[in-house]
Amino acid sequence: MIDHKTLITALGLLVIGTPVALLCVLGVVSLLERRLSEATTGRACQAAIIPGLLAAVGILVLMLAHGERYEPIPLGEWVIPPLDYHFSFKLVFDRLSVPFAILSFLLCGTISAFTTRYLHRERGYNRFFVLYALFLVGMVLTSLAGTIETLFAGWEMVGLSSALLVAYFQERPAPVRNGLWVWVVYRVSDAALLLAAIVLHHWIGGGDFARVLGAGSWPEGSTALSAGHALAVGLLLVLAAAGKSALVPFSGWLPRAMEGPTPSSAIFYGALSVHLGAFLLLRFSPILEASTVLAAVVVVLGLATAVYAYLAGSVQTDVKAALSFASLLQVGLIVAEIGLGLRYIPLIHALGNACLRTLQFIRAPTLLHDYHLLENAIGDHFQPSAGPLGRLRPGRFRKWVYRFALERGYLDSFLTNYVVAPFVGVFRWFDAAERRWTDFLAGRPSRESDRVRPSLMQVEELP
Amino acid sequence: MTLWDIPWLEIAIAVALLGAVGIGLFRQPARAFGWGLGFTSATLACAILAALGYELGPDTAGKLWNVQTHLLGRQVFAIDELSAPLIPLVALLHFLTALATGRTKMRRFSLYWSLASVAIRLAIFSCKEPWLLIGLLAVETVPPYVELHNRHQPTRVYVLHMALYVGMLVLGWAFVDPTSGHRTPTTWATVPLLAAVLIRCGTVPAHCWVTDWFEHASFGNGLLFVTPLVGVYAAVRLVLPIAPDWVLTSIGTFSLVTAVYAAGMAVVQKDARRFFAYLFLSHSSLVLVGLELHTATSLTGALALWISVPLSLAGFGLTLRALEARFGRLALADYHGLYDHAPALAVCFVLTGLASVGFPGTLGFVATDLLVAGAVEANRYVGLAVVVATAINGISIVRAYFLLFTGARHHSTVSLQIGLRERLAILTLAAVILGGGLFPQMGLLSRSIAAIELLEQRESRGLPTPPDFLARTADVSPRGAN
């Protein structure tokens with residue numbers, strides 16, 4: 001007779017194994033430049049997601065039946081001593097990870113079924129599903145991570161797949177530019193998380209959550225860090241969460257991400273990855289509890305994001321952008337709730353928001369049709385309301401608010417003018433200085449690349 | 001007699017030299033290329049056997065056929081823990097570069113010089129006698145000069161830097177007293193050696209020769225001259241065992257500045273080769289940063305990075321080279337839209353590029369993590385700078401990917417698909433990068449032992465070692481210590 005621990009371990013391996021298998025199959029086929037038929041790709045997704053989802057639900061049922069609240073599945077050390085450095089690979093099933101894993105499978109499954117029709121005969125059909133599989137692995141890994149290294153691995157996978165999917169329609173420059181913007185923000189977020197992981201290793205001697213956040217199951221637990229250390233690590237985690245969840249001042253990437261195909265907008269930026277920052281803060285909630293200043297920062301950041309998203313969302317004329325800001329408004333509130341010390345409410349709020357936004361996003365392409373149906377049903381036209389912004393008194397303040405909202409809080413302009421432009425300017429200056437130096441050393445113009453401006457068409461016709 | 005009694009290292013060097021002489025006799029490029037490829041693969045096979053022989057076979061002194069002792073009276077070339085993976089790595093890089101050379105580039109990529117260079121590099125990476133090593137390091141700078149000269153390219157920048165490098169090596173080592181035992185060498189010795197290492201590694205401000213080299217050399221030879229990180233080897237063999245702390249701190253500081261500076265420069269480049277040159281400089285500097293922090297963790301991370309960076313950047317470079325072979329010099333000023341012509345190259349570009357910055361599941365992941373951990377352990381600001389450098393490198397790689405592979409689809413009248421040999425090279429690299437990333441333990445253990453050997457060398461000279469070093473040596477015994 002198999003005991004329930006063994007069964008949970010087996011199911012846990014199935015939960016992580018099926019998305020990895022999907023990624024391997026689709027990735028290797030792509031690398032070999034072979035092409036699976038659309039039907040085969042769809043079936044492969046179903047074959048990965050349905051068992052994964054059932055296994056995750058099975059674990060939930062077993063845990064409820066046996067009154068378990070914390071089930072770790074250690075998968076071994078990647079780096080074994082004698083090095084002081086530990087790199088352990090561990091999954092954790094608790095009241096935070098299981099709902100997120102189930103949500104990931106559920107929404108990814110829905111989007112997979114939707115996409116097989118939505119992207120039918122699209123040139124990038126296979127590319128979408130390879131990135132989708134990478135995203136799914138990243139989401140499941142992040143949700144179930146029992147160590148900060150495991151979480152970081154999943155976090156990076158989600159980031160890469162998201163950025164490349166924003167640039168899915170790669171023949172147009174705008175999606176590609178937006179994809180790069182998203183990637184830049186994600187790199188900042190990744191760097192902050194990596195630093196937090198390393199600092200935790202340094203101060204606590206490992207990245208295992210049981211060690212970092214105490215042995216109690218989520219949301220209980222306490223950190224061994226002092227208030228000062230908790231503030232330092234916590235600020236890095238907040239920076240990581242801000243990048244991933246598009247909190248202020250990184251909110252500008254969220255509407256840009258809507259350049260991707262609707263399924264990816266729905267699942268990645270509207271539903272799942274936009275909540276990963278909140279997930280990270282929930283996972284490290286004992287660290288937030290160790291520092292009042294940190295908790296206050298989280299509340300302020302969440303509320304600022306909510307206000308910003310409300311204002312910017314109020315003036316959007318594009319349905320996907322409006323939905324993204326609506327989602328962001330809720331994410332801001334969820335983050336504020338976490339900062340206020342709530343745990344289950346933000347979790348439920350995140351799950352509900354993710355499901356609602358997925359539904360809204362995948363209905364977005366047929367919005368006009370839906371409106372017509374509704375108007376026909378009620379026999380009248382909808383009267384658009386002016387909204388709270390419209391009720392402001394005419395004057396300078398109203399103009400300022402409108403301008404602020406239309407310019408999306410000037411956040412992108414701020415980052416472009418005060419971060420990107422000086423960075424590029426400084427390094428272009430160095431580039432010019434190097435050119436003068438090598439010209440001097442060579443005694444002639446030294447850069448062949450200045451002179452070579454080949455036309456692709458001409459070069460390829462050369463014998 | 002067993003397989004490991006055969007002196008595979010010596011055979012590898014001899015095969016490469018023999019091949020260089022042999023293919024010089026062929027007049028037909030295609031025939032010479034075929035034979036050259038054969039000799040390169042034989043060199044690779046021998047190098048792999050030599051490394052396996054070190055791990056599995058008897059000590060060099062215990063081998064039945066000890067060629068060097070018979071011919072030279074002493075053991076001059078030998079594999080140790082540090083060089084064991086580097087020997088097959090160097091041979092693999094040469095083999096894959098030759099394998100991925102298209103028919104149209106056979107005349108430009110000289111296998112004669114490639115085989116001569118692999119022989120020299122195998123000798124360098126197995127040589128521990130300082131003066132002989134310095135001689136080999138000097139000889140290694142000659143084939144690139146010949147390449148530039150034969151291609152009628154400007155050589156002054158290269159010659160100035162390499163002359164200074166060799167001169168400093170000779171000057172510095174001339175002041176090192178081999179009988180000094182525990183005494184620290186004088187400033188007259190350490191400063192020139194420090195300068196030599198910084199020049200060869202392309203550390204700011206002596207880095208311009210690297211970008212100039214990539215501007216004017218053929219891409220294949222450009223890659224092979226820099227990717228094995230010969231300068232880092234010179235630092236490990238000549239500087240690390242004898243240098244006082246301030247020298248290591250200086251190298252670390254210069255390297256750290258270079259890592260961040262080159263990462264920033266890579267972002268603003270408008271030419272693919274220059275972009276690659278800066279990307280490489282940033283990564284090679286990160287390896288140096290880890291070496292000079294002289295903690296066991298950072299040293300292990302740096303040594304692990306020394307394996308992952310050449311492999312991933314060689315793969316990245318070969319992908320760029322394959323694109324260049326089809327489309328000519330690539331400007332990073334506009335979108336090229338090449339994805340549909342070479343999707344495998346696009347995948348490989350992203351895979352190898354992100355492996356170099358330590359993307360999860362790739363060879364560089366644990367190495368980068370170890371390096372950052374070691375850096376934070378030594379100094380948190382150093383750790384921050386390393387993370388910033390890797391973050392910027394990640395941005396520049398994806399920017400280059402977007403510029404090369406996305407944009408309005410490029411229309412071609414001929415097929416631009418990659419060939420079988422190119423595909424084989426790319427898949428081999430992908431397999432090594434992913435395999436090493438998923439199963440890093442064996443490689444890391446070997447790097448950990450090598451790090452301890454290096455720290456032991458410093459300790460034997462009375463130089464400071466990390467506080468937890470002795471505790472670690474109790475757990476890991478270097479080979480032969482028992």
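Here is how names work: the chains are called A, B, and so on, in the same order as the sequence lines, proteins then strands, and each is numbered from 1.
Residue with the most contacts toward chain B among A/Trp155, A/Trp437, A/Phe423: A/Phe423 (heavy-atom pairs, distance under 4.5 Å). Between chain A and the residues B/Val398, B/Val347, B/Val386, the largest count of heavy-atom pairs under 4.5 Å involves B/Val398. Between chain A and the residues B/Ala408, B/Gly264, B/Ala344, B/Gly301, the most heavy-atom pairs under 4.5 angstrom are made by B/Gly264. When each of B/Leu345, B/Val387, B/Leu438 is scored by its heavy-atom pairs under 4.5 Å with chain A, the top score falls to B/Val387. When each of B/Pro205, B/Pro343, B/Cys348 is checked for heavy-atom pairs under 4.5 Å with chain A, B/Pro343 comes out on top. Highest contact tally toward chain A, considering only B/Arg423, B/Gln269, B/Arg380, B/Arg399, is held by B/Arg423 [criterion: heavy-atom pairs under 4.5 Å].
Heavy atoms closer than 4.5 Å to chain B are found in both the backbone and the side chain of A/Leu180. With a threshold of 4.5 angstrom between heavy atoms, B/Leu351 does not approach chain A through any atom at all. At a 4.5 Å heavy-atom cutoff, the contact between B/Ala342 and chain A is made by backbone atoms alone. Proximity to chain B involves both the backbone and the side chain of A/Asp431, based on heavy atoms less than 4.5 angstrom apart. Both the backbone and the side chain of B/Ile395 come within contact range of chain A, each with at least one heavy atom under 4.5 Å from a heavy atom of that chain. If you measure heavy-atom distances from A/Ala163 to chain B, the contacts under 4.5 Å come from the backbone alone. Proximity to chain B (any heavy atom under 4.5 Å) is shown, for A/Tyr186, by neither the backbone nor the side chain. With a 4.5 Å cut-off on non-hydrogen atoms, B/Leu354 touches chain A through its side chain but not through its backbone. Proximity to chain A (any heavy atom under 4.5 Å) is shown, for B/Val372, by both the backbone and the side chain. In this structure, the portion of B/Tyr278 lying under 4.5 Å from any heavy atom of chain A is its side chain and not its backbone. Contact of A/Arg447 with chain B is made through backbone and side chain together, with heavy-atom distances under 4.5 Å. Neither the backbone nor the side chain of B/Phe439 comes within less than 4.5 Å of any heavy atom in chain A.
A heavy-atom distance below 4.5 Å is found between the side chains of A/Ile198 and B/Asp369. With contacts defined as side-chain heavy-atom distances shorter than 4.5 Å, the pair B/Arg274/A/Glu434 qualifies. Here the side chains of A/Leu32 and B/Leu427 are in contact, with some heavy-atom distance below 4.5 Å. Using a 4.5 Å cut-off on side-chain heavy atoms (C-beta onward), A/Leu164 and B/Phe402 make contact. Using a 4.5 Å heavy-atom threshold, the side chains of B/Val268 and A/Phe430 count as separate. The side-chain heavy atoms of A/Glu171 and B/Asp340, taken from C-beta on, include a pair separated by under 4.5 Å. Taking 4.5 Å as the limit, every side-chain heavy atom of B/Met265 sits out of range of all side-chain heavy atoms of A/Arg428. At a threshold of 4.5 Å between non-hydrogen side-chain atoms, the residues B/Tyr335 and A/Arg177 count as touching.
Side-chain atoms of A/Arg187 come within 3.5 Å of backbone atoms of B/Thr390 as a donor-acceptor pair (strictly under, hydrogens ignored). Judged purely by atom type and a 3.5 angstrom limit, A/Glu156 has no side-chain atom pairing as donor or acceptor with the backbone of B/Pro360. When atom types are taken as modelled, the side chain of A/Trp183 and the backbone of B/Gly394 share a donor-acceptor pair closer than 3.5 angstrom. In this structure, B/His216 contributes its side chain and A/Ser446 its backbone to a donor-acceptor pair below 3.5 Å.
Closest non-hydrogen pair, A/Leu441 versus B/His161, comes out as CD1-CE1, 3.8 Å.
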Residue pair A/Phe427, B/Val267: steps toward the side-chain contact (heavy atoms from CB on, under 4.5 Å) verdict: CA-CA 9 Å; A/Phe427 282 102; B/Val267 175; over 6 Å; no
Before giving the answer on side-chain contact (heavy atoms from CB on, under 4.5 Å), spell out for B/Leu384 and A/Leu195 the whole-Å C-alpha distance, their side-chain angles and the decisive distance to 0.1 Å. CA-CA 7 Å; B/Leu384 180 65; A/Leu195 269 179; 3.2 Å; yes
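Judged by the 6.0 Å and 45° rule, A/Arg123 forms no cation-pi pair with B/Tyr339.
The OG1 atom of A/Thr438 sits 12.0 Å away from the CZ atom of B/Arg156 when rounded to the nearest 0.5 Å.
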